Amino acid sequence: MDPMPRHNTAAAIGGVISKLPTVGTTIFTTTSALAQQHHAINLSQGFPDFDCPPRLIELVTTYMRQGFNQYAPMQGVAVLRERIAEKITFRYGVSINPDTEITVTAGATQGLFTAIATLVAAGDEVIIFEPAYDSYAPSVELFGGIVKNVELTAPDFAIDWHHVGELITEKTKLIIVNTPTNPTSRIWTAYDFQELIRLTHSTEIFILSDEVYEHIVYDGLEHLSVLSYDALRERSFVITSFGKLFHTTGWKIGYAIAPEGLTREFRKIHQFNVFSVNTPIQYALADFLKLKDEYLQLADFFQEKRDHLATALQQTRFRVLPCEGTYFLLAEYSKFSDLNEFDFSRRLIEKFGLATIPVSAFYKRAINQSLIRFCFAKKKDTLEEAVHRIEQINRYFG
Ligand code: PMP
């Protein structure tokens, strides 16, 4: 199973030269299609298989019925930006101006894309830590940027900051941070941030921090945000997503936070990209954000699911890697099989009806660490069936 089928640049349709010649159908699409074909339990793609809170749906419906159905202001509705600013002050103790520093986006992906469009020009170098969420590199390349990957490896995926320092040149424009990290499920430590500050403080390097899993951190650990570090904040975009916060990945709403000057440039592009995002949902989210428990209990809610899956995997010959945040769990299978990750995960779908994602899909270079990623943002029944299939796998290879 090839994660990124290669397409021929020159053999373009009707003379269109592909701007992303090496990008094909993503692993998520191909895996989900295969999972459907084999009626597999799908722990591959990162979204819940349970519904969002009914109160949130009621609020959206109410605003629709009240006629909030036309364009929202380009930067997002005022009341939502105010609630976001309040949430940030409550959570990180910093003050953000809702008028000049917050823009509501069509999900985190559009926020990331627009921030990259704002910052990256041809020849600029961008440092990305791998394994990485799949939108970063193509977005950088689309604007002529050059990706410099820092390859992190199992089991701890620790960052070698000396190596990062070596990669920095006068062309380095941007460093992309993702904490808690998809797919490793690790979080950045205070030391990581100290090092990032040390390497960038007297430079003109910008930071793009993807914090969509900011509220999903386990075992009493704390998510550290770029927003908490003044030295970084003045040169950073922080991006997050309501899809992860309220189990509404299909609504595609998030926001971008950046200092006024950066936000001004970001909005110039945002207005021609989407102009504005869904009006009634923005009003509903503004109301719903008042219910702090809805997001403060997320970690406990998902920790129970993580423990359910991890406990089951630990009783087999899978080796479970530490999971500090996100709703993903990595497991190593070398005691079962010598197959590479793509072939092993395909085997699990076809033979056992269990869909996961090979971790190598998140690296540019072909790498095999015998690791697969499970998404545990699933109902109890789904996880129980998955556990049942994991036990069958263990017996089969036994
Ligand atoms: N960043 C990361 C690290 C993610 O895992 C995801 C979703 N899987 C996104 C961004 C995208 O979020 P959204 O659906 O709001 O675009």
Side-chain angles (χ1 to χ4, degrees), residues 3 26-29 31-32 42-49 52 56 76 80 84 102-117 126 128-140 149 152 157 174-188 207-217 223-226 236-257 266 270 273-274 277-278 281-282 285 289 295 298 302 306 323-330 355-357 359 361-363 373-378:
T26 72
I27 184 73
F28 305 102
T29 307
T31 304
S32 282
N42 194 349
L43 302 194
S44 64
Q45 228 169 332
F47 59 82
D49 71 345
C52 67
L56 186 51
L80 177 58
I84 292 168
I102 299 175
T103 310
V104 179
T105 60
T109 309
Q110 187 244 321
L112 291 162
F113 184 87
T114 305
I116 289 167
V126 178
I128 295 178
F129 299 95
E130 282 192 329
Y133 181 58
D134 61 350
S135 86
Y136 307 152
S139 305
V140 167
N149 283 313
L152 311 179
F157 301 97
L174 177 66
I175 299 179
I176 302 184
V177 173
N178 171 218
T179 181
T181 311
N182 174 13
T184 67
S185 73
R186 306 311 295 266
I187 60 173
W188 274 42
I207 311 297
L208 173 56
S209 186
D210 177 346
E211 301 185 16
V212 299
Y213 300 103
E214 63 180 326
H215 290 283
I216 311 178
V217 174
H223 163 66
L224 298 175
S225 172
V226 158
S236 297
F237 280 97
V238 174
I239 308 289
T240 188
S241 169
F242 288 110
K244 309 294 173 183
L245 202 62
F246 297 136
H247 318 307
T248 53
T249 59
W251 291 3
K252 295 298 289 186
I253 300 197
Y255 52 93
I257 301 162
F266 178 96
H270 176 79
N273 186 357
V274 289
V277 306
N278 192 307
I281 294 182
Q282 288 195 58
L285 287 169
L289 272 180
Y295 58 85
L298 267 190
F302 280 122
R306 178 200 67 171
C323 170
E324 298 171 328
T326 76
Y327 40 55
F328 304 110
L329 190 70
L330 301 189
T356 60
I357 295 282
V359 173
F362 298 86
Y363 291 88
R373 189 197 75 173
F374 296 82
C375 171
F376 54 82
K378 305 293 168 191

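Every value quoted in this text rests on a predicted model; they were computed, and no experiment measured them. Indexing begins at 1, ligand by ligand and atom by atom, following the structure's order. Along the sequence shown, the residues carry numbers beginning at 1.
- Note: Ile216 CD1 to Ser185 OG = 11.5 Å, rounded to the nearest 0.5 Å.
- The distance from ligand 1 to the heavy atoms of Gly107 drops below 4.0 Å at these ligand atoms: 15 (O), 16 (O).
- A distance of 14.0 Å separates OG1 in Thr326 from CD in Glu214, rounded to the nearest 0.5 Å.
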Should Tyr327 and Phe302 be marked as a ring pair (Phe, Tyr, Trp, His ring centres under 6.0 Å) after you check the CA-CA gap, both sets of side-chain angles, and the distance that decides it?
CA-CA 7 Å; Tyr327 40 55; Phe302 280 122; 5.1 Å; yes
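- Within the model, atoms CD1 of Ile207 and CD1 of Ile176 stand 10.0 Å from one another, a figure rounded to the nearest 0.5 Å.
- Ligand 1 has an N or O atom lying under 3.5 Å from an N or O atom of Tyr213, backbone or side chain.
- In terms of N/O distances under 3.5 Å, ligand 1 is not approached by Gln110.
- Tested against Trp251, the residues Val277, Leu56, Asn278 include a single side-chain contact (heavy atoms from CB on, under 4.5 Å) partner, Leu56.
- Close contacts of ligand 1 with Ser241, meaning ligand atoms under 4.0 Å from a residue heavy atom, involve 13 (P), 15 (O).
- The protein heavy-atom contact nearest to atom 14 (O) of ligand 1 is Lys252 NZ, 3.0 Å.
- Shortest contact from atom 12 (O) of ligand 1 to any protein heavy atom: Ala108 CB, 3.4 Å.
- We find the CG-OG1 distance between Leu329 and Thr356 to be 11.5 Å, quoted to the nearest 0.5 Å.
- Looking only at protein heavy atoms, the nearest one to atom 7 (C) of ligand 1 is Lys244 NZ, 2.9 Å.
- By the 4.0 Å heavy-atom criterion, Asn178 is counted among the residues contacting ligand 1.
- The N/O atoms of Tyr133, backbone and side chain alike, include none that comes under 3.5 Å of an N/O atom in ligand 1.
- For the atom pair CZ of Arg373 and SG of Cys323, the computed distance is 11.5 Å after rounding to the nearest 0.5 Å.
- Using a non-hydrogen distance threshold of 4.0 Å, Phe242 does not register as a contact of ligand 1.
- Here the protein heavy atom with the shortest distance to atom 1 (N) of ligand 1 is Asp210 OD2, 2.6 Å.
- Contact annotation for Thr109 and ligand 1: heavy atoms of both the backbone and the side chain come within less than 4.0 Å of the ligand.
- Ring pair Phe266/Phe237: centre-to-centre distance below 6.0 Å.
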